[in-house]
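Below: one structure, written as structure tokens.
In the text below, chain A, chain B and the rest are named by the order of the sequence lines, each starting its count at 1.
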Amino acid sequence: MPELPEVETIVRELKSYLPGRKIKNVTVLWDKTFLNLSPVKIEDQSVQSLGRRGKYILIYLERSVLIVHLRMTGQLLFQQKGSGVIRADHLRVAFNFQDGSALLFNDVRKFGRIYHLQNADEKLQKVGIDAVDPTLTASGFYRMLQSSKMNIKAFLLSQRFVAGMGNIYVDESLFRSKIHPASVSDKIKRSAAKRLFDEMQAVLSFAIEHMGSTISDYRDANGKVGNAQNFFYVYQQQGTPCVTCGNPIKKIKHAGRGTHFCETCQKLYV
DNA sequence: CCATGTACCTGAAGGC
DNA sequence: TGCCTTCAGGTACATG
């Protein structure tokens, strides 16, 4: 489910809720979700700060860190003390704070993971630079493309070069920059690479402003749906006319994923 | 190095 | 009303 804009929305909200709250205990209802790999105990530690790298949520405690990945259907919900009980029909892990509030991990498909670690670095070794990191530039992005012979869809989905893009925002960014998803990364011209970089930034910041996209399961930390799904040009728009040329948007299987694009507007670089 | 398939899970939707 | 298949915002791992 969630890609960079959805994860960013959750992190921004949690920044206003979690710092300073002290963990009383942790309830684990599905063992595989919570990997407790730190020798330091989690009880009695306070949340210090929040961070994000790609789709990973980082919750820094005093002596260790929690790394959360929502995968397809994970939700991180903040349960205020005393207010109505937040909906969590598939609760897997609950972090209960001493003041009576709680952070709930709800996840229908059980793919989501929470790692309790000494240090975040080990887990993030193979994750590329965050897609909205201000130090990432169009020319830096072009250099990364030059280093790879993967098709551009797989390149963007891999998280190895740039982290945070998923199936929705890859398809939207490729459409808006007029690049065919099967294009070979190191064959993409400098000007097209610049276009792709700029459209990635535009697509992601627009989605963040609209609190992410809800297809089915995504909810923010308050349990609310996003709004960016109302503005897709190609994702799940197969059959509808392309906004540029009017030909129907196509859906194919590519890089193992449903892939939406316009075959007349998007140029194939090979 | 790269592409493809499978596994991990549940539930919704569509075909018959 | 079933029953069966396919598909889903992701990633890790095995195999050519």
Dot-bracket pairing map - DNA chain C, Watson-Crick plus G-U, both contacts under 3.5 Å, | cross-strand = .|||||||.|||||||
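Regarding A/Phe161, its CZ atom lies at a distance of 7 Å from the P atom of B/dC2, rounded to whole Å. The distance between atom CE of A/Met72 and atom C1' of C/dA8, rounded to the nearest whole Å, is 5 Å. Rounded to whole angstrom, the span from the NE2 atom of A/His260 across to the P atom of C/dC7 amounts to 12 Å. The separation between A/Glu6 atom CD and C/dA8 atom P is 17 Å, rounded to whole Å. Between the OH atom of A/Tyr235 and the P atom of C/dC7 there is a distance of 13 Å, rounded to whole Å. Atom CG of A/Leu156 and atom P of C/dG10 are 12 Å apart (whole Å). Rounded to whole angstrom, the span from the CZ atom of A/Phe105 across to the P atom of B/dC9 amounts to 14 Å. In this structure, A/Gln75 places its CD atom 15 Å from P of C/dG10, rounding to the nearest Å.
For C/dT6, neither phosphate oxygen OP1 nor OP2 lies less than 4.0 angstrom from any side-chain nitrogen or oxygen of A/Lys251.
Under the 3.5 Å distance criterion, with hydrogens and angles disregarded, no donor-acceptor pair is assigned to the side chains of A/Ser101 and A/Gln80. Between the side chains of A/Gln159 and A/Tyr56, no donor-acceptor pair of N or O atoms lies under 3.5 Å. If you check the side chains of A/Tyr233 and A/Thr244, you find no donor sitting under 3.5 Å from an acceptor.
In this view, A/Glu8 and A/Arg12, A/Arg52 satisfy the salt bridge (charged side-chain N to carboxylate O under 4.0 Å, His left out) rule, not counting sequence neighbours. Residues meeting the side chain to side chain donor-acceptor pair (under 3.5 Å) test with A/Gln45, sequence neighbours left out: A/Ser64. In this structure A/Met144 satisfies the side chain to side chain contact (heavy atoms under 4.5 Å, CB included) test together with A/Ile129, A/Leu136, A/Phe155, A/Phe161, A/Val162, sequence neighbours excluded.
Here the separation of C/dC3 from B/dC9, taken at their P atoms, is 25 Å to the nearest Å. Across C/dG10 and B/dC1, the matching P atoms stand 24 Å from one another, rounded to whole Å.
Here the side chains of A/Ile215 and A/Tyr235 are in contact, with some heavy-atom distance below 4.5 Å. Within the 4.5 Å cutoff, the side chain of A/Ile114 has heavy atoms near those of the A/Phe95 side chain.
Remark: side-chain polar atoms of A/Arg219 are not paired, donor with acceptor, to backbone N or O of A/Thr214 under 3.5 angstrom. Looking at A/Gln125, its side chain never comes within 3.5 Å of a backbone N or O of A/Glu122 through a donor-acceptor pair.
Both geometric conditions, a ring-centre gap below 5.5 Å and a plane tilt below 30°, are fulfilled for A/Phe111 over the base of B/dC8.
Nucleic acid contact class of A/Ser148 (heavy atoms, under 4.0 Å, all strands): sugar-phosphate only. At a threshold of 4.0 angstrom between heavy atoms, the contacts of A/Tyr169 with the nucleic acid are absent.
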Nucleotide N/O of nucleotides 3-7 of chain B paired with protein N/O under 3.5 Å:
| unit_1 | atom_1 | unit_2 | atom_2 | d |
| --- | --- | --- | --- | --- |
| B/dA3 | OP1 | A/Asn151 | N | 3.2 |

Show the distances under 3.5 angstrom between N or O atoms of the protein and N or O atoms of nucleotides 11-16 of chain C.
| unit_1 | atom_1 | unit_2 | atom_2 | d |
| --- | --- | --- | --- | --- |
| C/dT11 | OP1 | A/His69 | NE2 | 2.8 |
| C/dT11 | OP2 | A/Lys55 | NZ | 3.0 |

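Between A/Phe34 and A/His116, the ring planes lie parallel to each other; the angle is under 30°, not in the 30° to 60° tilted range.
The pair A/Asp99-A/Lys81 fails the salt-bridge criterion, with no side-chain N (NZ, NE, NH1 or NH2) lying under 4.0 Å from an Asp/Glu carboxylate O.
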